[in-house]
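Structure, as structure tokens:
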Amino acid sequence: MVPLSWYLILGAVLFVIGVAGVLLRRNVLIILLSLELMLNSVNINLVAFSHFFGDSRGQIIAIFVIAITAAEVAIALGVLVALVRNKATLEVDEITIMKG
């Protein structure tokens with residue numbers, strides 16, 4: 001059986017990679033993928049703690065997070081398609097449509 005600490009280390013490493021992707025990259029798609037990586041690392045921790053304590057609440061919350069993430073991706077990709085049609089770029093620094 002794999003110890004709980006391995007799952008926590010895996011979740012922490014994935015979360016740090018996601019944070020680095022959000023902070024260091026300028027492409028909107030890469031930032032979106034990094035956010036997904038961060039959410040999935042949280043799901044790994046939720047499921048690991050759920051299994052460790054013998055309670056199913058963490059797994060249920062992880063399923064809700066996955067559903068919310070799917071909705072977020074659908075909306076974000078729709079916004080990105082509209083953005084590419086108007087600006088023809090996905091660089092964060094060049095997108096100034098939302099400034100008023």
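Values reported hereafter were calculated over all heavy atoms of this structure, with side chains retained and with hydrogens, waters and symmetry mates removed.
Heavy atoms only, all atoms of each residue included: A62 and V47 are closest at CB-CG2, 3.9 Å.
Atom CD1 of I61 sits about 10.5 Å away from atom CD1 of I68, to the nearest 0.5 Å.
When side chains are defined from C-beta on, I66 does not count as touching L39, because their heavy atoms never get closer than 4.5 Å. Using a 4.5 Å cut-off on side-chain heavy atoms (C-beta onward), L80 and V28 make contact.
In the hydrophobic cluster analysis, where Ile, Leu, Val, Met, Phe, Trp and Tyr join through side-chain heavy atoms closer than 4.5 angstrom, V65 is grouped together with V42. L46 and I63 end up in different hydrophobic clusters when Ile, Leu, Val, Met, Phe, Trp and Tyr side chains are linked at under 4.5 Å. In the hydrophobic clustering of ILVMFWY residues, with side-chain heavy atoms under 4.5 Å counting as a link, L4 and F53 come out together. Cluster membership check: V73 shares its hydrophobic cluster with M38, using side-chain heavy-atom separations under 4.5 Å among Ile, Leu, Val, Met, Phe, Trp and Tyr.
Among residue pairs with one or both ends in residues 10-20, none qualify as salt bridge (Lys or Arg N to Asp or Glu O under 4.0 Å); sequence neighbours excluded. Legend: side chain to side chain donor-acceptor pair (under 3.5 Å) pairs involving residues 35-61, not counting sequence neighbours, sorted by first then second residue: D55-R57.
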Return a table of donor-acceptor pairs under 3.5 angstrom between the side chains of residues 5-24 and protein atoms on other chains or two or more places apart.
none

